[in-house]
Amino acid sequence: MDIVLTINGREHRLGVDVRTTLLDVLRERLGLTGSKKGCDQGQCGACTVLMDGQRVLGCFTLAAAAQGAAITTIEGLAGDGAPLHPMQQAFLDHDAYQCGYCTPGQIMSAIACVTEGHARTEDEIREFMSGNLCRCAAYPKIVAAVAQAKLAMGHA
Amino acid sequence: MRTFGYDHVHGVPDALRAGTDPGAHYFAGGTVLLDLMKLDVMQPGALVNIGDLRGQLGAVALDGDGLHLGALARMAEVADHPAVAQHYPVLAQALHSAASPQLRNMASLAGTVLQRTRCSYFRDTSWDACNKRSPGSGCAAIGGVNRHLAVLGVSDHCIAHYPGDFATALVALGTTVDLQGEDGTRSLPLEELHRLPGDTPHVETTLRPGELITAFHVPAAPWMRRSLYLKVRDRESYAFALASAAVALDLQAGTVRGARIGLGGVAAKPWRSHAAEAALVGRRFDEAAAEAAAAEAFRNAVVHEETGFKPELGRRTLVRALLDAAALEV
């Protein structure tokens with residue numbers, strides 16, 4: 001079927017099998033391999049992207065059903081040569097990863113965690129980041145990164 | 001994943017027309033359907049995308065009759081709705097404790113109410129025996145790994161648990177559900193939406209073919225501010241309940257005038273314990289009264305190899321929920 005997706009501000013027209021997930025379109029068709037395929041079963045959060053500003057799972061989103069929404073991936077946070085998004089910078093500052101595989105999903109989820117207003121305390125950050133697993137267990141540094149970035153993003 | 005037809009509808013009449021085709025499934029958040037389609041547990045012939053009906057079926061409103069929830073409102077927006085948190089804290093807490101933020105942003109209320117069991121034998125098609133997936137094939141969970149399965153409402157044919165939090169809280173509060181089909185609309189108590197497994201565990205609800213859930217109505221009761229959801233699980237967040245309790249108490253001068261009790265993680269369907277409620281009403285509330293109610297709630301529990309701990313965990317969960325609810329300042 002023919003679909004139109006709006007990703008990082010750019011329109012993409014493509015023909016896809018009806019079964020194609022948004023995650024597979026990003027990675028296999030558009031070369032946007034920042035979003036990761038961890039479990040492909042909605043359990044790890046590595047494929048988290050923003051749809052109209054809300055964090056969702058790319059692996060549980062049919063590409064056909066993602067039409068009409070503004071989709072933001074990790075590649076859309078900072079343009080070439082532009083400064084990093086405060087959340088990206090905070091993950092760097094705090095070394096909030098080891099292998100890095102879950103990191104794009106963590107960063108996309110963390111941005112939404114802040115904009116939702118669910119990053120007021122460290123306990124709240126932990127609870128509202130629980131949909132993103134990190135097998136290296138970099139959790140303490142992830143929490144610290146979110147706490148730093150929320151201030152830079154203008155949230156209390 | 002097997003292939004399927006795909007229909008994106010823009011109005012309820014179109015949805016009902018497409019939804020009555022044999023093999024068609026309504027599709028909103030997709031978090032249950034895509035999961036089970038990838039596992040080949042479900043093989044819908046067609047998906048009817050009703051996401052665009054959110055404008056008509058997604059409202060949240062509070063009035064003198066109670067709380068009205070559109071079936072396509074998303075879990076996250078209802079969890080964060082100030083009126084829900086203020087007047088029905090048990091509903092907000094049940095939603096907040098369910099799934100993950102990403103899944104709550106995607107899943108519709110009706111979808112989460114209709115979520116399927118997490119029984120491993122249902123989800124893994126390499127097991128032949130599952131009466132829910134393949135009627136008449138037997139039940140591999142009986143005699144198998146069944147620690148997370150049900151002890152209330154089970155049968156010799158199926159011990160699968162209903163895993164959801166939100167429906168447990170909704171059913172406790174006496175919620176009504178609105179349904180729309182090609183032949184018209186009807187309403188029924190949410191308690192009558194899900195069926196017990198009996199000898200037909202593959203028939204999970206009383207929905208008619210093509211019928212669409214359009215709304216939930218929670219009755220008005222100011223005392224439901226004294227309510228909470230307590231969920232006990234293997235990890236602190238993003239896990240299904242081993243046992244949970246949804247409670248609301250109408251306490252007047254220390255005496256229970258009304259009680260609503262739902263139990264999650266331990267039952268074959270969203271479970272309201274009328275027996276536990278009856279044990280409390282008219283009694284002076286204290287720990288002994290809570291324990292008597294909890295004993296009633298699990299009087300008919302049926303345990304299997306690994307579920308012997310669940311009635312006791314369920315009782316303790318309910319007792320703590322009742323004590324915490326009684327101590328709330330509302």
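Here is how names work: the chains are called A, B, and so on, in the same order as the sequence lines, proteins then strands, and each is numbered from 1.
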Engaged part of B:Asn49 at the chain A interface, taking heavy atoms whose separation is under 4.5 Å: side chain
Which of B:Gly51, B:Ser237, B:Ala239 touches chain A most, by non-hydrogen pairs under 4.5 Å: B:Ser237
Check: B:Glu306 side chain, B:Arg147 main-chain N or O, donor-acceptor pair, under 3.5 Å: yes
Structural part of B:Arg2 lying under 4.5 Å from a heavy atom of chain A: backbone
Gap separating the NE2 atom of B:His87 from the CG atom of B:Leu62, nearest 0.5 angstrom: 5.0 Å
Over-ring placement of B:Arg123 relative to B:Tyr121, 6.0 Å and 45° cut-offs: no
Contact class of A:Thr21 relative to chain B, heavy atoms under 4.5 angstrom: side chain
Heavy-atom proximity to chain A below 4.5 Å, by part of B:Leu47: side chain
Residue part contacting chain B, namely of A:Cys59, when any heavy atom lies under 4.5 Å: both
Part of B:Asp52 within contact of chain A (heavy atom distance under 4.5 Å): neither
Per-residue contact mode, A:Met51 against chain B (heavy atom under 4.5 angstrom): neither
Residue A:Glu116 versus chain B: region with a heavy atom under 4.5 Å: side chain
B:His96/B:Asp80 under side-chain contact (heavy atoms from CB on, under 4.5 Å): CA gap, chis, key distance, verdict: CA-CA 8 Å; B:His96 267 303; B:Asp80 281 337; 3.1 Å; yes
Ring geometry between B:His10 and B:His8 (parallel below 30°, tilted from 30 to 60°, perpendicular above 60°): parallel
Residues B:Gln102 and A:Thr48: side-chain donor-acceptor under 3.5 angstrom: yes
Nearest-0.5 Å distance that lies between atom CZ in A:Arg55 and atom CZ in A:Phe128: 8.0 Å
